[in-house]
Amino acid sequence: MKTANFSKVVIIQSLNQDFTGNRLRDDLGVLAVFTEGIVTIELVDVKTKKQFFNLLYQIRQDVHEGQYEPIIHIEAHGNTDYSGLSLASNESISWKEMKLPLSEINIATGLNLMLCISACYGGSFVSSINTNDRAPCWGLVGPKKEMYPQELLKAFTCFYEEIFKTRNGGQAIRRLNDGLFGDDAKFYFTTAEQFFELIWIHYLQTQCTNEKLNKRANYIVREHRKKKSIRIPSRNEIKGDIIKQHPKHFEKSKTNFFMMDLFDKNKDRFTVDFETALRKSREAQSGSRGFFSPGPHNTQHAGPHWAFH
C-alpha cells in the first residue's frame, strides 16, 4: 500500500471575506488529537502575490531544515477561466507560476508533498503539470467546478477528519466527494503516479494512431527533402523508429518526474511501467475499458495510507 507522510497542515489563506481558513484551522486543531499530537496546524494569511511566493519559499526552507513534512492547503478564489488563483489583493497567480516553487518544496520533501486547493476550479491545477518536468506534488485535491465557501469547508473538514482518524486515503476521498464518483464527483484527486500513467495512456491513444504517425512521418520526410539529405528514410521506417523510442522516452521522463536521479528510494516507490501503460491504452482503444483522459473530470478513488511523522 502506498504511504504518504506529513506532520503539519499549512493553511494559506488569501480572502477578503468568508474566512474559511480560520474555521478550518480551528476544526483541524480539535481533530489533530487523533494524531496523538504529531500533526500541527498553521494558518498564514497572505494578501499579495509577493507574500504568497515568499511564504512558499519559507516553507521550502523549513522543509530543507527538517522542521516538518507539510500538506499545503490553499484557501482562495479560483479564476473562472481555470487559469489559477485570485488573491485578496485582486492579483492573479497562474497555475504555471505556482508550479516551480511547489516543485522545489516537493523536491525538499523527497516527493511527498500533498496539495489541497480549496478554491473554485482548483482541480484544474493539473493542467499545468508536464511529465517532462519534476512533479510539483505527490498528490492533488481540488474542486472541479464552482462551489460555495461553506461547501468547500465542510468537504475538506470531512477529508481531514478521515485522514486523522483512520489514515485511509481512499475513504478520505470518498468522504470528500460525499460518496459520488466519476463525472458526478465534485472534487478531482490524483497522485503523481496515477497522473503520469494517465498522461502516457492518453498520449498513446491519441497521438500514436496510424493517422497521427503518418502525419509525423510525412513532416520528417519533408524536412529531409528540404535539407537535401543523402538518404531519406521511408515513412514506415520513421513510424517504426518513433514507436521503438517510446520505452526510452518513458523511462527518461519517469526518472526526472519522480526524481529518481535525486532519491534512489523513489525507484521502489513509483513502479509505473511502459508496458502496463501500453496495455491499458490498447484495452481502451479496443473498447474493453473506458477512454482514459488526464482532464479534471476524472476522479481516482484509490488512496494512500497516511503516516504521521
Side-chain angles (χ1 to χ4, degrees), residues 1-10 12 53 55-74 94-117 123 125-142 163 169 188-204 245-278 280 294 296 300 302-309:
M1 179 180 288
K2 303 296 183 182
T3 300
N5 304 323
F6 73 101
S7 60
K8 186 174 187 176
V9 180
V10 181
I12 303 174
F53 285 117
L55 177 57
L56 292 185
Y57 295 138
Q58 183 60 56
I59 293 172
R60 179 192 64 183
Q61 184 62 34
D62 292 345
V63 175
H64 269 304
E65 294 173 358
Q67 294 187 32
Y68 53 80
E69 295 179 275
I71 288 179
I72 293 180
H73 179 103
I74 299 173
S94 70
W95 300 136
K96 185 176 180 180
E97 289 177 293
M98 285 174 55
K99 185 173 65 171
L100 179 59
L102 287 171
S103 296
E104 292 175 346
I105 295 171
N106 201 26
I107 291 172
T109 68
L111 213 168
N112 276 293
L113 177 64
M114 184 70 187
L115 177 65
C116 297
I117 304 179
F125 175 81
V126 74
S127 65
S128 71
I129 304 177
N130 188 320
T131 54
N132 292 320
D133 298 331
R134 301 290 194 187
C137 54
W138 174 88
L140 167 69
V141 175
I163 291 173
Y188 178 71
F189 167 71
T190 191
T191 64
E193 192 164 25
Q194 290 168 337
F195 174 82
F196 186 89
E197 183 179 65
L198 282 171
I199 286 293
W200 265 91
I201 291 170
H202 184 65
Y203 167 77
L204 293 169
Q245 292 299 316
H246 281 155
K248 178 181 177 181
H249 292 318
F250 183 95
E251 289 302 318
K252 182 178 179 181
S253 296
K254 176 181 172 180
T255 297
N256 184 65
F257 189 76
F258 296 112
M259 308 173 193
M260 294 175 179
D261 53 328
L262 302 179
F263 309 102
D264 198 58
K265 65 180 181 180
N266 285 0
K267 294 176 183 177
D268 295 323
R269 291 179 63 206
F270 303 104
T271 57
V272 58
D273 65 276
F274 177 75
E275 289 303 319
T276 300
L278 180 61
K280 289 182 178 180
Q300 308 299 324
H305 173 77
W306 294 89
F308 311 135
H309 292 293

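These figures come from a predicted structure and were not determined experimentally.
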Mind checking whether [X] and [Y] have side chains closer than 4.5 Å, heavy atoms only?
| X | Y | result |
| --- | --- | --- |
| Glu65 | Gln61 | yes |
| Leu111 | Phe263 | no |
| Leu102 | Cys137 | no |
| Glu275 | Leu278 | yes |

>> For Ile59 and Tyr68: C-alpha separation, side-chain torsions, deciding distance, then whether side chain to side chain contact (heavy atoms under 4.5 Å, CB included) applies.
In response: CA-CA 9 Å; Ile59 293 172; Tyr68 53 80; 3.9 Å; yes
> After noting the C-alpha distance and the side-chain angles of Ile117 and Leu140, does the key distance pass the side chain to side chain contact (heavy atoms under 4.5 Å, CB included) rule?
Replying inline: CA-CA 8 Å; Ile117 304 179; Leu140 167 69; 4.1 Å; yes
How many angstroms lie between atom [atom1] of [X] and atom [atom2] of [Y], to the nearest 0.5 angstrom?
| X | Y | atom1 | atom2 | value |
| --- | --- | --- | --- | --- |
| Ile71 | Asn5 | CD1 | CG | 10.5 Å |
| His249 | Tyr203 | NE2 | OH | 7.5 Å |
| Ser253 | Asn132 | OG | CG | 4.0 Å |
| Ile12 | Ile72 | CD1 | CD1 | 5.5 Å |
| Asn112 | Asn106 | CG | CG | 7.5 Å |
| Leu198 | Thr131 | CG | OG1 | 11.5 Å |

Tell me the closest heavy-atom pair linking [X] and [Y], and the distance in Å.
| X | Y | result |
| --- | --- | --- |
| Lys96 | Ser128 | N-CB, 4.1 Å |
| Val272 | Glu193 | N-OE2, 3.0 Å |
| Tyr188 | Gly123 | CD2-O, 3.8 Å |
| Pro70 | Val63 | CD-CG2, 3.7 Å |
| Arg60 | Ala108 | O-CB, 4.3 Å |
| Glu97 | Phe53 | O-CE2, 3.6 Å |

> Going through the distances and angles, do Lys8 and Asp62 end up as a side chain to side chain contact (heavy atoms under 4.5 Å, CB included)?
Replying inline: CA-CA 11 Å; Lys8 186 174 187 176; Asp62 292 345; 5.8 Å; no
Please confirm whether the backbone N or O of [Y] pairs with a side-chain atom of [X], one donor and one acceptor, at under 3.5 Å?
| X | Y | value |
| --- | --- | --- |
| Asp133 | Phe257 | no |
| Lys99 | Pro136 | no |
| Glu69 | Thr109 | no |

> By ring pair (Phe, Tyr, Trp, His ring centres under 6.0 Å), which residues pair with Phe258, not counting sequence neighbours?
Replying inline: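 Ring pair (Phe, Tyr, Trp, His ring centres under 6.0 Å) check on Phe258 returns Phe196, Phe270.
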>> One pair to check against side chain to side chain contact (heavy atoms under 4.5 Å, CB included): Phe6 and Met114. What are the steps and the verdict?
In response: CA-CA 8 Å; Phe6 73 101; Met114 184 70 187; over 6 Å; no
> So, Lys265 and Asp268, do they make that salt bridge, N to O below 4.0 Å?
Replying inline: no
>> Quick test of your reading of the model: are Asp261 and Arg134 salt-bridged, counting only N-O distances below 4.0 Å?
In response: yes
> Parallel, tilted or perpendicular: which fits the ring planes of Phe274 and His246, with parallel below 30° and perpendicular above 60°?
Replying inline: tilted
